[in-house]
Number of protein chains: 2
Amino acid sequence: MATLKQVAAHAEVSVQTVSNALNAPHRLRPDTLERVNRSIELLNYRPNRNARSLRTSAVELIGYCVPNWPNQTHLVMDQFLHALCAAAERTGRHILLFTAPPGVDGMPVYDDLHARRLVDGFVLSQTETHDPRHGWLKEQKIPFISFGRVWKETTQPGPWVDVDGAAGSAMAVRHLHEAGRRRIAFLSWSKSSGLAEDRLGGWRKACKELGLPTSGLAVRCREDSITEGARATAELLDADPFLDGIVALSDILALGALRELGRRGLTPGVDVGVTGFDDSPLADVVSPGLTSLRQPMDDIAAELISILTDPDGPPDASTERLLHPELVIRGSSAPG
Amino acid sequence: MATLKQVAAHAEVSVQTVSNALNAPHRLRPDTLERVNRSIELLNYRPNRNARSLRTSAVELIGYCVPNWPNQTHLVMDQFLHALCAAAERTGRHILLFTAPPGVDGMPVYDDLHARRLVDGFVLSQTETHDPRHGWLKEQKIPFISFGRVWKETTQPGPWVDVDGAAGSAMAVRHLHEAGRRRIAFLSWSKSSGLAEDRLGGWRKACKELGLPTSGLAVRCREDSITEGARATAELLDADPFLDGIVALSDILALGALRELGRRGLTPGVDVGVTGFDDSPLADVVSPGLTSLRQPMDDIAAELISILTDPDGPPDASTERLLHPELVIRGSSAPG
DNA sequence: GCCGATGTTTTTAACGTTCAAAACATCGGT
DNA sequence: ACCGATGTTTTGAACGTTAAAAACATCGGC
């Protein structure tokens, strides 16, 4: 593989002139530039990333920790990763994957990756309540951006991009209301989940605005499973036979709702409208298709990378971006 | 962050002596080694990966293309990625993610990543029938290892690690047979899928060995969806009311089978035993749990990395490793 | 013709490791 | 005391880029 030196010899200029042709072509006389570019092309020159990184101290790699929590589904992770990679590539960067223990035990891994110049910074996701990574990275002055807020914190310990769960729930409520539903329930998680509280709040607010009842219509599921979604739906239907709408906090819970409706001979989209969250692969493969709130992965990724790679310097801790989900309407809420 | 030079000054030795302390400690007198190690620790020295890579021409990064095919589920990709990262890390390497168009159009991306010394080699997955990547990388003498064979090729164009789908299907058949099932069907895909043909062959072989019928008991699904799985199961049950076992080529199809059984008032694990493949998150969240064939992700990843990073040189094109899946038994085939 | 300003190209050094050769120190045999 | 062999440490250069300073070329005004 040709080096700058070989290209320079071929074009009969100095190494610096070839480097200028690549990085500051305006410095060169047109005829010199043309001659150098021809040599670059003829020799199929490709810049060596290591050499450049050594001199500039920028490796153009962004670290991302691949999650592996037991009993957790990551049904849309491939979409997120693809969007993240594509966004990083558009800025000439790439994503370096790594593993780390959760919580504070993982900090040495982040530290080592940055100290050894394997990455310039990090994209965080799967944020937990009281997630320690953000504060730690901020303290170490290691650049990062978070996909997701750190819930239950008085102040955010770093810049983040997130999807507006509350707005999403509200959107789902309005959609069901427009379809004629008047008693709309919400399938939630434990109170300790900030994300759940956020989405529950959106459901409540929208019902209030539309003059719909909320009392006794929100049920907490102990875990994110189809079984729990079905159980919660049974509980709701037993207590309220006139229930005609369900907004679920996740696609998994929504599938549980669909399961229970099926068991009771109720038709989704006709007797009861059902919506989920995440627009995972499940939403498309169930019958009828599940109406679900899609997270705008391409926009999320673009924002994350844009904030992290801002040429004006490391992202400000107060940077926040809330993006809107998109409601993908399928048969579970509106037969067609 | 301290450099070798600073550590050397602190320990009052040459830079090379510090490098030797790290990489060839046997060369040093014990007291010199101790003094140098103390300085390394005191100054919290961390080697700069770029400098080393520039000198050695090895970047210790392995490229992996994050798949993004429309209408394809990657339900276990997070497990695979985690296992791959962990295996790579155990050898001091990391995974660099990238995107590329499918087929031959993606080759320039692979070429560029290797030419620019961003990666040392690649792990390939999601192998298609007549996948062009393998032959191309082999021709370019770029190191790679494939998770999955290239189906329908007379000779394999490169080293691979794969899971024995045929053995998996056979395992599932035997399991159902042991549970008393005697008319066991197989839910497959299109004939053009080599993977499907392989698994179908395993089902057929095991049935033959056990003296079980196979005629009319294999059905092809047009796509990997719950709907198609349900449709195919309906077709099977209509034609054969005595059917008492179903081996599905994937968890998605198996879920379709469970759906259809539910519709007919048949109890999985009691009336009909059902198994799937991949042991995806779905297998655990449906009720009853789905018996499924789990791919040994940790073993797969360990083999992939071991072959790719063999110190004896680039992997031989004839290297092949077939690993056995594990049948995870849940309620869909054996109530408990 | 000279000189200051500007444009263009080259020269020098740096980044931080590793590799290989050289230098130095030590030891045992003569 | 000398010398060859071996152990230990140092020296010099290399990897391939980029950054900054220096050198060279050109031009217009005086």
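The model shown is predicted, which means the values in this text are computed figures rather than measured ones. The figures that follow rest on heavy atoms only: side chains count, while hydrogens, waters and symmetry mates do not. Reminder, nothing fancy here: chain letters follow the sequence lines and each chain counts from 1.
Note on Ser19(A): a side-chain N or O is less than 4.0 Å away from OP1 or OP2 of dT18(D). Considering only side-chain N and O atoms, Asn50(A) lies nowhere under 4.0 angstrom from the phosphate OP1 or OP2 of dG16(D). One finds a side-chain N or O of Asn23(B) lying less than 4.0 angstrom from the OP1 or OP2 phosphate oxygen of dT18(C). Put simply, Thr17(A) has a side-chain N or O that comes within less than 4.0 Å of OP1 or OP2 on dT10(C).
Note: Ile145(B) CD1 to Thr319(B) OG1 = 6.5 Å, rounded to the nearest 0.5 Å.
In this structure, CZ of Arg52(B) is placed 8 Å from C1' of dT18(C), rounded to the nearest angstrom. Rounded to an integer number of Å, the gap from Leu54(B) CG to dG16(C) P is 12 Å. For Leu4(B) and dC15(C), the CG to P distance is 13 Å, given to the nearest whole Å. The distance between atom CD of Gln16(B) and atom P of dG16(C), rounded to the nearest whole Å, is 17 Å. In this structure, Arg116(B) atom CZ and dG16(D) atom P are separated by 16 Å, rounded to whole Å. Atoms CZ (Arg46(A)) and P (dG16(D)) sit 15 Å apart, rounded to a whole Å. Leu22(B) has its CG atom 9 Å from the P atom of dT17(C), to the nearest Å. Regarding Lys5(B), its NZ atom lies at a distance of 15 Å from the P atom of dT10(D), rounded to whole Å.
We find that Arg93(B) and Glu89(B) are not joined by a salt bridge, their nearest charged nitrogen and carboxylate oxygen being 4.0 Å or further apart. Taking the charged nitrogens against the carboxylate oxygens, Asp112(A) and Arg46(B) do have a contact shorter than 4.0 Å, which makes a salt bridge.
Between the base of dT17(D) and the side chain of Arg55(A) there is no donor-acceptor pair shorter than 3.5 Å.
Donor-acceptor pairing under 3.5 Å is recorded for the side chains of His134(B) and Ser146(B).
Along DNA chain D, the nucleotide nearest to Ala51(B) and the one nearest to Thr32(B) differ in position, and the one closer to the 5' end is contacted by Thr32(B). Remark on DNA chain D: of its neighbouring residues Leu28(B) and Val15(A), the 5'-side contact belongs to Leu28(B), judged by nearest-heavy-atom nucleotide. Sequence order on DNA chain C of the closest nucleotides to Pro47(B) and Arg27(B) puts Pro47(B) first from the 5' end.
Each of Val123(B), Leu124(B), Thr309(B) was evaluated against Leu304(B); a single residue qualifies, Val123(B), per the side chain to side chain contact (heavy atoms under 4.5 Å, CB included) test.
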